[in-house]
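Notes for the one structure printed next.
Lettering of chains follows the sequences in order, A, B, ..., and the numbering in each one begins at 1.
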Amino acid sequence: MARWIDDRLGLGELVDGLLDTPAGAPSWARAFTVALGVCFAVAAVSGVALGALYAPAGAGAWASVFFSEFQYPGGWLVRSMHMVSAEGALVFGALALALWVLEGRYRHQRDLAFWSLALVLGLAGAFCITGNPLRWDNRGYFGLVTEVNVMSEVPVAGGLLRSLLLGGVLPNNWTLPRLYTLHSIVLPASILALVALGARSGRRAGPVDGDAPYGEGQLGRDLIASAITFLAILAGAFLLRAPLEAPADPLASYNARPEWYFQWLYVLRNLVPPSLQGVVATGVPVVLGGVVFALPLLDRDPTAPLKRRLPFVAPVALGLLLIGGLTGAGLLSDRKNPELQKARTSQARLDRRALQIARHDGIAPAGALTMMREDPLIKGEDLFRQHCASCHKLGDLGPADGKLAGPSLDGWGTEAWVMAVLDDPDSPSLFGNTPYNGKMPSYTKPPKDPQAAASFTPMPQAQREAIARFLANEARGAPAGHDPEGEKLVKQRCTTCHLFRGDTDDAEGLAPELAGWASLAWTRAQIGNPGTNLTYRPIALSPALDGHMPRFDTQLSSADLDLLTRYVLFRAPREKL
Amino acid sequence: MAKDPSRRRALTVLAGAGATGALAAVALPSARLVAGPASGGSSGRPWVQVARLTELPEGQPARVRVIADQHDGYTTAKQQPLGQVWLLRKGAEVLAFTATCPHLGCTIDLAPDGKHFFCPCHTSWFDLDGKKTEGKPNKSLRGLDALPVRVTAEKTVEVQFLRFQTGTAKAEVLG
């Protein structure tokens, strides 16, 4: 069989010919250029597999990546290999380029090959820029937005470049097809063309130093460099997972940070005054390109030893050290930034929720963003933040300055909350900052007025607990007559002021209805309109009680009111007052 | 056939010219197609209702969503959230700022003190009137981008939701 193949293709001859080709003195620069090829090969193979599972459109992108990461056996490994090999191409490409400079390999008519290698490294960066947003999560989306905004600062061509990349001024429906086409067709084809160019010009240039055949020196180094690279990719793929955050939401408050390989640019831009940022955006590519272009033209003496070439090698080495240092400094300062870490924690919660819904309910054809926007927990939180959190506290939501203008809803509807009201209704976390301040007495502490204090007896603990138990059961929607003892107590001790099933001794008063308090129906009615006697009384909305909760049935749709009610009732008992 | 150098050269030139011509014939309309959506897509500057005046607290910024029909490439969706706007009521007047940071396009938040606007990406501080806060870090070359805003006879607040070029000293409307 082997013979049959060899007869037709002459593979043995081909290999022998290759091994006999004069390659000159063994070179690590050449070996790590081959290693860069290993990175691209791994990225290509894994990329074809990922491409076969990918949907390049806003509605399907996140969902299809979710599928290949979590639902398809071993899909995560292919994604990880793709990511690690792509980022590895940046590392090994930079290493190869540095070794070319160190060896002065661009002399001996290898200038064109050197420029090709530098362009390949640039394209490796372009692969990352076009590849990251493909998963269409917040990190990819906002990374793209900042990257193209930086690009657009380049004079003349900047705006055009952004329009061509995005198909508009902002990411839109045309964006993913463009990025995908660039990433999977244009860039790979360009890399192949550059490799062909570099290889052709290298071969024409002939061996660098001496006539040693490829098989007797270079081959060993190529194998070592390739093995190191491949093992590093494999190890990285098992240790690191390719990210998939919550689906891209253009309206999200996302604390965007560059990927690690762009950190040095981010730090550099932050070091200069704002007016020079555009100069950095233009200057960095110009300087890098200029150095790469100039080196082969200036450093030309083929026999010069390293010592005499130091004026050329040293700036490049310094530049690389600077990039490495800035990268480290940026990553370190992000780790020490409490605001960023806080934002990451809340983003991570959203990310987990996204995966949870996708796993449990699946993703409808409308796409992952719709899935998120219709989720009661997420949308409820959103509505609460917009309409309730300026007065009420609920878990981590609440007024920015921490000053409540309405009672805290942590633990609302539970025994503990009722006990707290009976103990100190005017506490700042209850009704202290509301127009109801001073309207309800404490049942444990004597009033301030000495005369009234003289006749004050605290309500026994057992009675308070019985009332709290009764009301908490009302909140849970217990059927009528669930606790006759508790009901009797409420009618004895509370209806002097409060409504109970519409009855009260104080028809002119302010105190709300206690039957069904904090239940689904009560809460829904309260949010919709707190002045209907179903919860609070009509006087609640009068100017005399300025600062009382407004009605929301004029601002929110019926569906949103339901959703908000369910959200509050889901979260309140899970938070501690 | 005997070698005829002039014939070979003529054929080479012909092949080269033919290939270049054919390539151009395909490439030019293709390039136009790719550039097409990149240049078009502007649909005027409609006024969009974003709030009722009575909903806006005096002197305290409120973040509202701009909800309007979204024409996005090859799809149109009714009443979609297009972006966010900060509104600040001063009596019968309202100021409107886009919530997109003029520096690099992150989303502007309210600072923890509630008295400034704040961009978390590069810790830029802005006063409530949109100006860069003096004495605080700011990476932007200009203040927040104000949007055209009007209060109608029915006391609704309407804005023109514009997008701006980021990173420049002067606000420059895109699209």
### Task
Using heavy atoms and a sub-4.5 Å threshold, report which of residues 159-174 of chain B line up against chain A, by residue number.
B/Arg163, B/Gln165, B/Thr166, B/Gly167, B/Leu174
### Task
Inspect the surroundings of CD in B/Gln79 and state if more than 12 heavy atoms from other residues, nucleotides or ligands are less than 6.0 Å away.
yes
### Query
Got a second to check how far B/Cys119's SG is from A/Asn255's CG, nearest 0.5 Å?
8.0 Å
### Message
Using heavy-atom distances under 4.5 Å, tell me whether A/Ala252 contacts chain B through its side chain, its backbone, both, or neither.
### Response
backbone
### Query
Should we say atom CD of A/Gln341 is surrounded by more than 12 heavy atoms from elsewhere, each under 6.0 Å from it?
yes
### Query
Can you say whether A/Asp249 sits under 4.5 Å from chain B via the side chain, the backbone, both, or neither, judging by heavy atoms?
neither
### Query
What is the distance from atom CG of B/Leu104 to atom CZ of A/Phe142, rounded to the nearest 0.5 Å?
13.0 Å
### chain B contacts, top residue of A/Gln386, A/Glu339, A/Arg373, A/Gln277 (heavy-atom pairs, under 4.5 Å)
A/Gln277
### Message
Angle between ring planes, A/Trp174 versus B/Tyr74, binned at 30° and 60°: parallel, tilted or perpendicular?
### Response
perpendicular
## Note on the structure
Of A/Asn270, A/Thr181, A/Val145, the largest count of non-hydrogen pairs under 4.5 angstrom with chain B goes to A/Asn270
### Summary
Closest heavy-atom pair, B/Ala35 versus A/Leu164, reported as atoms and distance to 0.1 Å, is CA-CD2, 4.2 Å
Donor-acceptor contacts under 3.5 Å from residues 8-25 of chain B side chains, at least two apart:
residue : atom : partner : partner atom : Å
B/Thr12 : OG1  : B/Arg8  : O            : 2.7
B/Thr20 : OG1  : B/Gly16 : O            : 2.7

### Message
With a 4.5 angstrom heavy-atom cut-off, is it the side chain or the backbone of A/Arg269 that approaches chain B, or both, or neither?
### Response
both
### Query
Which answer fits B/Cys121, side chain, backbone, both or neither, if we ask what part of it has an atom under 4.5 Å from a heavy atom of chain A?
both
### Query
Where on A/Leu340 is there a heavy atom nearer than 4.5 Å to chain B: the side chain, the backbone, both, or neither?
neither
### Query
Mind checking which of residues 138-148 of chain B sit less than 4.5 Å from chain A, heavy atom to heavy atom?
B/Asn138, B/Lys139, B/Ser140, B/Leu141
## Note on the structure
In terms of heavy-atom pairs under 4.5 Å with chain B, the winner among A/Ala343, A/Ser275, A/Ala281 is A/Ser275
### Query
Based on non-hydrogen pairs under 4.5 Å, which of A/Ser253, A/Pro550, A/Pro399 is most in contact with chain B?
A/Ser253
#### Entry: Approximate separation, where rounding is to 0.5 Å, of A/Thr146 OG1 and B/His103 NE2
10.0 Å
### Summary
Cut-off 4.5 Å, heavy atoms of chain A, and the answer for B/Asp72 is both
### Query
Does anything in residues 48-67 of chain B get under 4.5 Å of chain A by heavy atoms, and if so which residues?
B/Arg52, B/Glu55, B/Arg63, B/Arg65
#### Entry: Interchain contact, A/Val150 with chain B, by part (heavy-atom threshold 4.5 Å)
both
### Interface moiety of A/Gln555 toward chain B, non-hydrogen atoms closer than 4.5 Å
both
### Task
Mind checking the OG1-CG spacing from B/Thr107 to A/Leu251? Nearest 0.5 Å is all I need.
8.0 Å
### Task
Check each atom of B/Ile108 against the heavy atoms of chain A and say whether the ones under 4.5 Å are side chain, backbone, both or neither.
neither
